[in-house]
Amino acid sequence: MSRNVTIGLVQMDCVMLDKEANLRKAKEFIEQAAQQHTDIICFPEMFSTGYSPSIIGPKYIEVAEDPDGATFAFLAELAKKHHMYIVAPIVLKSKIPGLLYNGLIVISRDGQLMGTYNKTHLWAGERFWFRAGDRYPVFDMDFGKVGLMICYDGGFPEVSRILALSGAELILCPSAFPIRDKDMWDVYFASRSLENCCFVAGINRVGTEDDCHMFGNNKIYNFRGHLLAEAPVDQEFLLVHTVDLDDVAYHRATDVPYLQDRRVETYQKITEMY
């Protein structure tokens with residue numbers, strides 16, 4: 001028995017505040033992924049608008065969308081056409097006027113909105129423009145359970161642990177990660193995959209915004225923290241890789257059962273102190 005899933009990880013340069021250009025490029029990546037029989041494709045953080053708070057700032061309110069807005073409608077048609085799950089990080093409106101999230105939408109193979117995730121750990125200038133999320137949803141897909149986090153979230157073991165305890169077998173982390181922190185990029189996802197005995201992938205932008213040089217180098221790790229595949233640095237690229245999610249259940253139970261052997265009663269005492 002196996003539960004194979006083919007994952008597409010997009011690293012792309014984004015045109016600042018030009019959704020049409022970025023969505024045209026996204027379509028090209030989706031079509032390329034479809035030729036490789038990709039089951040789920042993930043784009044980098046704020047792929048449709050560009051990322052930089054120092055450049056975009058108050059214009060976030062102008063480019064923000066409802067979860068079922070124009071970007072969803074465009075991508076939903078492609079999801080249906082290619083029978084592919086799509087994870088699309090965008091600036092999201094909330095139900096409260098003027099309140100924004102650095103978030104993402106998840107689209108099913110038949111073009112339905114499965115839900116959203118809002119970044120819970122905001123980085124630096126993001127705090128001036130976005131509200132932090134407070135939920136950690138796991139999405140049931142036909143091949144298994146997928147958890148999502150965004151960029152800085154990847155540095156907090158609590159995020160991926162919550163997702164793993166909720167059943168996530170694959171965790172995707174779309175990002176806008178700067179080259180100055182590449183040493184951290186090379187550690188984040190190996191650590192998160194080993195701790196939680198699941199597949200973890202980092203998805204990064206390429207290009208420069210102001211003084212932020214983002215370098216791509218998408219990566220996917222297995223349940224023992226081993227690097228399975230990675231994309232080049234400073235190059236637009238679609239990394240496609242197939243994994244077997246049945247390996248996660250087996251290794252969680254028999255290999256290094258971190259989730260089973262947790263001492264929750266001791267952790268509760270410590271958390272009460274802090």
Side-chain angles (χ1 to χ4, degrees), residues 1-9 39-40 42 85 87 103-104 106 108 114-121 132-175 177 183-203 218-230 239 241-274:
M1 293 292 293
S2 64
R3 284 186 294 132
N4 288 339
V5 53
T6 300
I7 306 161
L9 309 177
D39 294 295
I40 180 170
C42 184
Y85 292 99
V87 178
L104 56 79
V106 181
S108 70
M114 297 181 68
T116 64
Y117 169 69
N118 299 317
K119 188 174 186 177
T120 52
H121 297 82
D134 58 7
R135 298 183 304 109
Y136 300 94
V138 169
F139 295 86
D140 287 305
M141 301 186 177
D142 55 18
F143 51 75
K145 295 181 180 292
V146 177
L148 296 159
M149 52 189 184
I150 298 177
C151 202
Y152 194 40
D153 289 335
F156 294 83
E158 296 87 350
V159 176
S160 53
R161 177 52 53 88
I162 290 168
L163 294 172
L165 291 173
S166 298
E169 301 158 298
L170 167 66
I171 299 174
L172 304 176
C173 187
S175 307
F177 220 89
D183 56 334
M184 297 163 61
W185 179 258
D186 293 337
V187 173
Y188 265 22
F189 309 115
S191 301
R192 303 294 84 85
S193 59
L194 175 61
E195 293 161 353
N196 297 293
C197 204
C198 65
F199 295 100
V200 180
I203 303 94
N218 291 352
K219 298 174 181 285
I220 183 166
Y221 292 85
N222 77 355
F223 36 81
R224 289 183 66 89
H226 294 170
L227 179 64
L228 298 177
E230 66 178 327
L239 179 65
H241 191 80
T242 300
V243 300
D244 182 356
L245 295 187
D246 273 347
D247 289 340
V248 172
Y250 174 79
H251 285 275
R252 279 178 173 170
T254 64
D255 190 10
V256 184
Y258 289 125
L259 301 186
Q260 292 184 42
D261 292 343
R262 293 176 306 122
R263 300 251 346 263
V264 177
E265 71 281 3
T266 66
Y267 312 153
Q268 290 173 335
K269 294 176 183 178
I270 296 298
T271 56
E272 287 170 2
M273 296 172 58
Y274 296 97

Which value, rounded to the nearest 0.5 Å, describes the distance between [X] atom [atom1] and [Y] atom [atom2]?
X      : Y      : atom1 : atom2 : value
Met114 : Asp140 : CE    : CG    : 7.0 Å
Asp186 : Glu230 : CG    : CD    : 7.5 Å
Thr242 : Asn4   : OG1   : CG    : 6.5 Å
Leu170 : Leu148 : CG    : CG    : 8.5 Å

| remark: Those residues at least two apart in sequence (or on a different chain) that pass side-chain hydrogen bond (donor to acceptor under 3.5 Å, both in side chains) with Asp134 are none
| Excluding sequence neighbours, so at least two apart, what forms side-chain hydrogen bond (donor to acceptor under 3.5 Å, both in side chains) with Ser193? | none
| task | Any chance you could lay out the salt bridge (Lys or Arg N to Asp or Glu O under 4.0 Å) test for Arg192 and Glu195, step after step, and finish with the verdict? | result | CA-CA 5 Å; Arg192 303 294 84 85; Glu195 293 161 353; 2.9 Å; yes
Do you know the tightest heavy-atom contact between [X] and [Y]?
X      : Y      : value
Phe189 : Cys173 : CE2-CB, 3.6 Å
Glu169 : Cys198 : O-CB, 3.3 Å
Thr120 : Arg135 : CG2-O, 4.0 Å
Met149 : Pro174 : O-CD, 3.0 Å
Arg252 : Cys197 : NE-O, 3.3 Å
Trp185 : Gly202 : CH2-C, 3.6 Å

| query | side chain to side chain contact (heavy atoms under 4.5 Å, CB included) between Asp39 and Met141: does it pass, once the steps are laid out? | reply | CA-CA 10 Å; Asp39 294 295; Met141 301 186 177; over 6 Å; no
Are [X] and [Y] side-chain neighbours, meaning at least one heavy-atom pair lies under 4.5 Å?
X      : Y      : value
Lys119 : Leu104 : no
Leu165 : Arg262 : yes
Val87  : Ile203 : no
Asp244 : Arg3   : yes

| field | Test side chain to side chain contact (heavy atoms under 4.5 Å, CB included) applied to Val5 and Val146, step by step | value | CA-CA 11 Å; Val5 53; Val146 177; over 6 Å; no
| request: Take Val159 and Tyr136 through the test side chain to side chain contact (heavy atoms under 4.5 Å, CB included) and record every step on the way to the result. | output: CA-CA 8 Å; Val159 176; Tyr136 300 94; 3.8 Å; yes
| When His251 is tested against each of Phe223, Tyr258, Phe199 for ring-ring contact (aromatic ring centres under 6.0 Å, His included), which residue passes? | Phe223
| message | Closer than 3.5 angstrom, by distance alone: can the side chain of Asp153 be matched with the main-chain N or O of His121 as a donor-acceptor pair? | response | yes
| said: Working note: Ile7 + Ile220, criterion side chain to side chain contact (heavy atoms under 4.5 Å, CB included); need CA distance, chi angles, decisive distance, verdict. | reply: CA-CA 9 Å; Ile7 306 161; Ile220 183 166; 3.6 Å; yes
| said: Determine whether the aromatic ring centres of residues Tyr85 and Phe139 are separated by less than 6.0 angstrom. | reply: no
| request: Check salt bridge (charged side-chain N to carboxylate O under 4.0 Å, His left out) between Asp142 and all other residues, then give those that pass, not counting sequence neighbours. | output: Arg109
